[in-house]
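Atoms within a ligand are numbered from 1 in the order they appear, just like the ligands themselves. Just so you know, these numbers use all the heavy atoms, side chains as well, and skip hydrogens, waters and symmetry mates.
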Amino acid sequence: MRDKRILVTGGAGFVGSHLCDRLLALGHEVVCMDNFFTGSRANVLHLMDNRRFELMRGDVNQKMVLEVDEVYHMACPASPIHYQRHPVRTISTSVVGTLNMLELCREVHAKLLIASTSEVYGDPEQHPQTEEYWGHVNPIGPRACYDEGKRCAEALAISFSRQYSVPVRIPRIFNTYGPRMHEHDGRVVSNFVLQALMGKPITIYGEGDQTRSFCYVSDLVEGLIWLMDSDVDAQPVNLGNPSERTIRQLAEEIIALTSSSSKLRFEPLPEDDPTRRQPDISRAKELLGWSPRVSIDEGLTATIEYFRALND
Ligand code: NAD
Ligand code: UDP
């Protein structure tokens, strides 16, 4: 198979930068496009000397044409703090940005992978969540700009597939963590690790009984690439680690791994915060042969090392 020319939108972000690393390591040519809203040059600085890598400042809300074989469309504010501060920009990036990427792929006959999310299930009434579940989303709540934006992105992708036969891949990504998470984006793993390293109180929202299932970034990136390379067209595939834990449990694990003196501090639970979340990954296992390999201890240890070095 010949090497491919691949566009990664949001490539200077957390997941996007790891994806660029992996695609380059596989021998492909990578164009990383980002408007640096939440991403940074620092995440891809180590790639600047690679002649198969190109960094482009650009906004997916603008139309563009670029000769590529594949597009990994990762661009979108992804943490509740960022998307709730900029709801219009967020929904526009999911809808207009995805429309532009679909039109680009239609024009140049490229394959598109859109980064969908477990948020399409909202505060789920089915547990664990399978791809057949339609979700339980508040269309006017504080998370709507993100959740409904991504649901619309999926609908756009399916529509382009039906009407124009554009090949589309739809991973529904569950909570992912690892090095290069934005230091101040308020996501739980980065918050707790930083608080633990600094000996500050660990901020638990609500009682900490809500659950999440955390996937290490290298596992996710592998799943994204396997999905893109598969013939699993135009159907959502959950990608995440089914190992579920409460937020309080996560806090205790991080305190133990950092040998921190931090104490737990309980704060109000944000509106519409999902109560439970766990992926059913049977489809990914069956169709892609994919399942995560990195344990929470290994993944948290690598993440803690990253944040420790960043703050030294
Ligand atoms: P991130 O904020 O680190 O990365 C997003 C990147 O997109 C950033 O580099 C940002 O600058 C860029 N961006 C935002 N708007 C843009 C625009 N209009 N044009 C060009 N670039 C733009 O977040 P992440 O965690 O790496 O998430 C990447 C993708 O994966 C997002 O689409 C997100 O919705 C999805 N996702 C992530 C998770 C997770 O747990 N990390 C879970 C579900 C889905
Ligand atoms: N959370 C918390 N303390 C924090 C940050 C987040 O208790 O400092 C909780 C948050 O309320 C949610 C969970 O951790 O229940 C995951 O939050 P995150 O923002 O990382 O992801 P999402 O809510 O999008 O799954």
Before giving the answer on side-chain contact (heavy atoms from CB on, under 4.5 Å), spell out for Val189 and Thr303 the whole-Å C-alpha distance, their side-chain angles and the decisive distance to 0.1 Å.
CA-CA 9 Å; Val189 173; Thr303 310; 4.3 Å; yes
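- Using a 4.0 Å cut-off between heavy atoms, Ser40 makes no contact with ligand 1 at all.
- A cation-pi arrangement is absent between Arg180 and Phe14, since the terminal nitrogen or guanidinium carbon is not both under 6.0 Å from the aromatic centre and inside a 45° cone about the axis.
- A heavy-atom separation below 4.0 Å is found between Lys150 and ligand 1.
- Any N or O atom pair closer than 3.5 Å counts here, and Met33 shares no such pair with ligand 1.
- Looking from atom 17 (C) of ligand 1 to the surrounding protein, the closest heavy atom is Asn35 ND2, 3.3 Å.
- Among protein heavy atoms, the minimum distance from atom 12 (C) of ligand 1 is reached at Asp34 OD1, 3.4 Å.
- Shortest contact from atom 26 (O) of ligand 1 to any protein heavy atom: Val15 N, 2.8 Å.
- Those atoms of ligand 1 that come under 4.0 Å of a heavy atom in Gly58, given as number and element, are 19 (N), 20 (C).
- Short contacts between ligand 1 and Ser116, defined as distances under 4.0 Å to a heavy atom of the residue, involve ligand atoms 44 (C).
- Near Ala12, meaning under 4.0 Å from one of its heavy atoms, ligand 1 places the atoms 9 (O).
- At the shortest separation from atom 10 (C) of ligand 1 among protein heavy atoms lies Thr38 OG1, 3.2 Å.
- Within the listing of ligand 1, atoms 6 (C), 7 (O), 9 (O), 12 (C) sit less than 4.0 angstrom from a heavy atom of Gly10.
- A salt bridge does not link Arg89 to Asp59: none of the charged side-chain nitrogens sits closer than 4.0 Å to a carboxylate oxygen.
- The protein heavy atom nearest to atom 40 (O) of ligand 1 is Thr176 N, 2.8 Å.
- Partner of Glu119 under the salt bridge (charged side-chain N to carboxylate O under 4.0 Å, His left out) criterion, out of Arg277, Lys150, Arg151: Arg277 alone.
- Considering backbone and side-chain atoms alike, Val60 places an N or O below 3.5 Å from some N or O of ligand 1.
- What sits closest to atom 38 (C) of ligand 1 on the protein, heavy atoms only, is Ile173 CG2, 3.9 Å.
- Looking only at atom types and distance, the side chain of Thr93 has a donor-acceptor partner in the side chain of Asn61 under 3.5 Å away.
- When non-hydrogen atoms are compared, ligand 1 lies under 4.0 Å from the side chain of Tyr146 (C-beta onward) but not from its backbone.
- Using a cutoff of 4.0 Å between basic side-chain nitrogens and carboxylate oxygens, Lys4 and Asp229 are scored as salt-bridged.
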Table of N or O contacts for ligand 2, cutoff 3.5 Å:
{"from": "ligand 2", "atom 1": "3 (N)", "to": "Thr203", "atom 2": "O", "distance (Å)": "2.6"}
{"from": "ligand 2", "atom 1": "7 (O)", "to": "Tyr205", "atom 2": "N", "distance (Å)": "2.9"}
{"from": "ligand 2", "atom 1": "8 (O)", "to": "Asn191", "atom 2": "ND2", "distance (Å)": "2.8"}
{"from": "ligand 2", "atom 1": "8 (O)", "to": "Thr203", "atom 2": "O", "distance (Å)": "3.3"}
{"from": "ligand 2", "atom 1": "8 (O)", "to": "Thr203", "atom 2": "OG1", "distance (Å)": "2.9"}
{"from": "ligand 2", "atom 1": "8 (O)", "to": "Tyr205", "atom 2": "OH", "distance (Å)": "3.4"}
{"from": "ligand 2", "atom 1": "11 (O)", "to": "Asp273", "atom 2": "OD2", "distance (Å)": "2.6"}
{"from": "ligand 2", "atom 1": "15 (O)", "to": "Gln210", "atom 2": "NE2", "distance (Å)": "3.0"}
{"from": "ligand 2", "atom 1": "15 (O)", "to": "Arg212", "atom 2": "NH2", "distance (Å)": "3.3"}
{"from": "ligand 2", "atom 1": "15 (O)", "to": "Asp273", "atom 2": "OD1", "distance (Å)": "2.6"}
{"from": "ligand 2", "atom 1": "15 (O)", "to": "Asp273", "atom 2": "OD2", "distance (Å)": "3.3"}
{"from": "ligand 2", "atom 1": "20 (O)", "to": "Val188", "atom 2": "N", "distance (Å)": "2.8"}
{"from": "ligand 2", "atom 1": "21 (O)", "to": "Asn175", "atom 2": "ND2", "distance (Å)": "3.4"}
{"from": "ligand 2", "atom 1": "23 (O)", "to": "Arg143", "atom 2": "NH2", "distance (Å)": "3.0"}
{"from": "ligand 2", "atom 1": "23 (O)", "to": "Arg212", "atom 2": "NH2", "distance (Å)": "3.2"}
{"from": "ligand 2", "atom 1": "24 (O)", "to": "Glu119", "atom 2": "OE2", "distance (Å)": "3.3"}
{"from": "ligand 2", "atom 1": "24 (O)", "to": "Arg143", "atom 2": "NH2", "distance (Å)": "3.0"}
{"from": "ligand 2", "atom 1": "25 (O)", "to": "Asn175", "atom 2": "ND2", "distance (Å)": "2.9"}
{"from": "ligand 2", "atom 1": "25 (O)", "to": "Arg212", "atom 2": "NE", "distance (Å)": "2.7"}
{"from": "ligand 2", "atom 1": "25 (O)", "to": "Arg277", "atom 2": "NH1", "distance (Å)": "2.7"}

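- Classification of Asp69 and Lys111 as a salt-bridged pair fails, no side-chain N sitting under 4.0 Å from a carboxylate O.
- Proximity to Phe36 (heavy-atom distance under 4.0 Å) selects the following atoms of ligand 1: 11 (O).
- Residues meeting the salt bridge (charged side-chain N to carboxylate O under 4.0 Å, His left out) test with Arg22, sequence neighbours left out: none.
- Remark: minimum distance from atom 3 (O) of ligand 1 to any protein heavy atom is reached at Phe14 N, 2.8 Å.
- Residue Thr93 touches ligand 1 through its side chain alone, judged by heavy-atom distances below 4.0 Å.
- Residues Gln210 and Leu269 meet the side-chain proximity criterion, which asks for heavy atoms closer than 4.5 Å.
- Evaluated by nearest non-hydrogen atom to atom 35 (C) of ligand 1, the leading choice among Ala115, Cys76, Ser79, Gly13 is Ala115.
- Considering backbone and side-chain atoms alike, Ala78 places every N or O at 3.5 Å or more from each N or O of ligand 1.
- Given atom 18 (N) of ligand 1, the protein heavy atom at minimum distance is Asp59 OD1, 2.9 Å.
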List the steps and the verdict of side-chain contact (heavy atoms from CB on, under 4.5 Å) for Ile255 and Phe192.
CA-CA 8 Å; Ile255 289 174; Phe192 285 5; over 6 Å; no
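- Heavy atoms of other residues, nucleotides or ligands lying less than 6.0 angstrom from NE2 of His136 number 12 at most.
- Every residue two or more places apart in sequence or in another chain that forms a ring-ring contact (aromatic ring centres under 6.0 Å, His included) with Tyr83 is listed here: Tyr146.
- Between Phe37 and ligand 1, at least one N/O pair is under 3.5 Å apart.
- Note on ring orientation: taking the six-membered ring where Trp is involved, the planes of Tyr133 and Tyr121 are parallel (angle under 30°, cut-offs 30° and 60°).
- Taking the ring axis of Phe36 as reference, the NZ or CZ atom of Arg57 does not stay both within 45° of it and closer than 6.0 Å to the ring centre.
- Arg276 has a carboxylate O that lies under 4.0 Å from a charged side-chain N of Glu244, or vice versa, which qualifies the two as a salt bridge.
- Arg5 has a carboxylate O that lies under 4.0 Å from a charged side-chain N of Glu29, or vice versa, which qualifies the two as a salt bridge.
- Ligand-side atoms of ligand 1 in range of Thr117: 43 (C), 44 (C), range being under 4.0 angstrom from any heavy atom.
- Proximity to Gly39 (heavy-atom distance under 4.0 Å) selects the following atoms of ligand 1: 8 (C), 9 (O), 10 (C), 11 (O).
- Of the possible polar contacts, one joining the Asp34 side chain to the Ala12 backbone as a donor-acceptor pair under 3.5 Å is found.
- Of all atoms in ligand 1, listed by their number and element, those nearer than 4.0 Å to a heavy atom of Asn61 are 18 (N).
- Note on ligand 1: Met74 sits in its first shell, one or more heavy atoms being nearer than 4.0 Å.
- No option in Glu154, Glu132, Glu131 other than Glu154 meets the salt bridge (charged side-chain N to carboxylate O under 4.0 Å, His left out) test with Arg172.
- Neither the backbone nor the side chain of Glu119 comes within contact range of ligand 1; no heavy atom lies under 4.0 Å.
- When the side-chain hydrogen bond (donor to acceptor under 3.5 Å, both in side chains) test is applied to Glu305, no partner is found at least two apart in sequence or on another chain.
- Within the 4.0 Å heavy-atom criterion, the part of Arg187 lying near ligand 1 is the side chain and not the backbone.
- Electrostatic pairing of Arg245 and Glu253 counts as a salt bridge here, judged by a charged N lying under 4.0 Å from a carboxylate O.
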